[in-house]
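Everything on this sheet refers to the single structure shown next.
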There are 2 protein chains.
Amino acid sequence: MAKAKAKRTLKWQRDPEGMRLRILEAAKQEFSAHGLAGARVDRIAAKAGANKRMLYYHVGNKDELYLAVLEGAYDKIRSEERGLDLEHLDPPEAIRRLIEFTWNYFLRNPEFLSLLQTENLARAKHLKKSTKVKSMHSPFVEMIRTVVRRGIDSGDFQVAVDPVQLYISIAALSFFYLSNSATLSVIFGRDLLDKKAKDERLAHMVGLVLAALTGQSVALFEIAKAPKSRSAVVQTV
Amino acid sequence: MAKAKAKRTLKWQRDPEGMRLRILEAAKQEFSAHGLAGARVDRIAAKAGANKRMLYYHVGNKDELYLAVLEGAYDKIRSEERGLDLEHLDPPEAIRRLIEFTWNYFLRNPEFLSLLQTENLARAKHLKKSTKVKSMHSPFVEMIRTVVRRGIDSGDFQVAVDPVQLYISIAALSFFYLSNSATLSVIFGRDLLDKKAKDERLAHMVGLVLAALTGQSVALFEIAKAPKSRSAVVQTV
DNA sequence: GGAGAAATTAACCCGTTGGATAAATACTGT
DNA sequence: ACAGTATTTATCCAACGGGTTAATTTCTCC
């Protein structure tokens with residue numbers, strides 16, 4: 001019989017790279033769903049369609065696996081941010097885009113939020129060991145610093161802000177809302193994740209930050225576009 | 001011999017209430033330090049100076065213990081907030097005080113942050129079971145709503161904001177900074193918890209929120225008190 | 001086509017951990 | 001003072017979970 005063809009039913013196939021990816025993906029799911037201590041090595045193996053031994057063979061023990069996942073997560077968001085191209089937008093638009101990107105990225109990648117929470121619960125014990133992660137953030141900070149400086153020079157922004165401080169605030173507004181939506185929804189008795197609530201939140205955040213930077217609180221919220229002079233405009237809810 | 005006096009060395013004393021408190025305190029420490037899955041029942045017992053059996057006798061199993069801790073945490077912050085007395089301050093001052101209180105409360109009670117993170121990792125599974133917690137938040141929201149309304153009527157605030165949205169933003173700015181300070185300090189390469197950094201953060205947050213509400217970005221940052229007309233003022237860093 | 005390396009499976013090991021059982025000790029009211 | 005109950009201690013254990021060892025199968029290159 002032709003050798004290339006009916007190779008019979010092999011019990012398994014070799015696929016080191018694919019296996020490694022499946023393991024990391026499964027681990028990401030598991031760690032973000034259950035935290036570091038709550039994660040189960042057996043579940044990761046099962047989810048990856050692999051034998052538990054494979055985790056140790058391809059990545060390492062539980063902690064190393066976790067760090068690999070974490071590094072991958074940072075890698076992904078920073079690389080997407082690099083494509084934002086804020087240089088060619090006028091400063092207020094650049095800030096708006098950064099906020100919108102951050103918000104949407106967090107929405108699309110809830111595991112990223114969970115992983116960060118988990119790592120902070122561990123006081124960044126693992127991240128501190130990583131050499132990769134430390135180096136990839138200064139370009140990002142410079143990107144924001146440039147936007148701020150341009151905004152001041154153009155007169156769009158009233159006050160210079162430390163770019164790190166600004167980025168932390170932008171991230172905070174999205175991060176806290178989303179990562180704590182479960183408890184917040186319970187205590188405030190409303191679903192913070194339905195369509196309408198999410199739209200309102202984005203508008204609120206953009207308004208808050210841009211108003212503070214530009215001093216133009218009329219443009220604060222989108223619905224405040226055509227108000228009757230200076231009297232207050234009530235935001236949706 | 002006098003009975004009240006030399007009662008000899010008792011092997012142990014009864015103290016149900018004290019024991020319960022010590023257990024809850026120890027559990028708070030343990031859960032906030034290690035998360036739900038990472039917490040060890042034996043460690044809690046040891047830390048409480050008790051026998052493991054006592055946890056089950058006085059509170060319940062691990063999950064019930066955890067919920068009791070969580071409820072206690074919410075209870076404490078809401079009760080302190082009730083003493084803020086925002087009604088008698090003019091609106092911008094009231095907001096400033098709320099921000100400062102929130103910031104300082106989180107600083108003084110880091111376990112509260114950890115507990116919330118842990119509970120959100122669990123998607124509020126436990127909190128949903130709690131009947132106590134749900135009821136104690138509407139007064140708080142009303143308190144903020146009143147401040148906002150007063151600010152609009154007085155002309156201090158330019159735009160009406162949903163009080164829940166506003167509170168979430170205020171909490172977010174402090175919460176994220178503090179709860180994620182470990183990873184943020186690593187990736188940005190500076191210690192976000194030293195004295196100077198904390199002072200700057202508080203000023204930044206107050207400036208951000210008040211500028212957005214009042215539209216007075218000149219008063220944004222404390223150091224921007226005496227700027228040379230409308231040109232930009234560089235914030236500390 | 002087959003030897004040796006790479007990848008994967010299967011089975012096991014052993015400390016840990018949440019929880020339970022039973023016995024001992026301290027109070028309280030009478 | 002003592003009986004009965006509330007509180008606490010002393011052990012125990014079965015399941016779990018991370019990690020390891022050893023055998024099996026597939027692939028590659030000569």
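Numbers restart at 1 for each chain; the letters A, B, ... are given by sequence-line order, proteins then strands.
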Practice prompt. Have a look at B/A39 and say if it touches a base, only the backbone sugar-phosphate, or nothing, with a 4.0 Å heavy-atom cut-off.
Written response: sugar-phosphate
Fill in: Nearest to side-chain heavy atoms of A/K52, which nucleotide of C/dG18, C/dC27, D/dG19
D/dG19
Worksheet item: Taking B/S32 for the side chain and B/Q29 for the main chain, is one N or O donor matched with an acceptor at less than 3.5 Å?
Response: yes
Worksheet item: Quick one, which residues of residues 60-71 of chain A touch DNA chain D with a heavy atom under 4.0 Å?
Response: A/N61, A/K62
Worksheet, complete the sentence: To the nearest angstrom, the CG-P distance between B/L21 and D/dT7 comes to 14 Å
Worksheet entry | Minimum side-chain heavy-atom gap B/V148-B/R145 below 4.5 Å | no
Item to complete: Determine, for nucleotides 2-9 of chain C in 5'-to-3' order, which nucleotides have protein heavy atoms under 4.0 Å from the base (write B), from only the sugar-phosphate (write S), or from neither (write -).
Response: ---BBBBB
Discussion item. How many whole angstroms separate atom CZ of B/R40 from atom P of D/dG17?
Written reply: 11 Å
Worksheet item: Can you pull the salt bridge (Lys or Arg N to Asp or Glu O under 4.0 Å) pairs that have at least one residue in residues 39-48 of chain A, sequence neighbours excluded?
Response: A/E30-A/R43, A/E30-A/K47, A/D42-A/K52
Practice prompt. Measure the distance from OH on A/Y56 to C1' on D/dT20 and round it to the nearest whole Å.
Written response: 9 Å
Response to the item:
Between CG of A/L10 and P of D/dT24 the distance, given in whole Å, is 18 Å
Worksheet item: Contact class for A/A45 (heavy atom, under 4.0 Å): base, sugar-phosphate, or nothing?
Response: nothing
Worksheet item: Between A/I23 (CD1) and D/dG19 (P), how many Å, whole number?
Response: 14 Å
Worksheet item: Going by atom types alone, do A/S169 and B/R201 pair a side-chain donor with an acceptor below 3.5 Å?
Response: yes
Practice prompt. Measure from CG on B/L55 to C1' on D/dT7 and round the result to the nearest Å.
Written response: 14 Å
Worksheet, complete the sentence: Stems in DNA chain C, runs of 3 or more consecutive Watson-Crick or G-U wobble pairs with both distances under 3.5 Å, sorted by first number, are C:1-30 with D:1-30
Worksheet item: What parts of residues 121-130 of chain B reach DNA chain D, counting only heavy atoms under 4.0 Å away?
Response: none
Worksheet item: Can you pull the salt bridge (Lys or Arg N to Asp or Glu O under 4.0 Å) pairs that have at least one residue in residues 10-26 of chain A, sequence neighbours excluded?
Response: A/E25-A/K28
Worksheet item: Over how many whole Å does the gap from B/D42 atom CG to C/dA20 atom C1' extend?
Response: 13 Å
Worksheet entry | Flag, side chain of B/D75 to backbone of B/E71, donor-acceptor distance under 3.5 Å | no
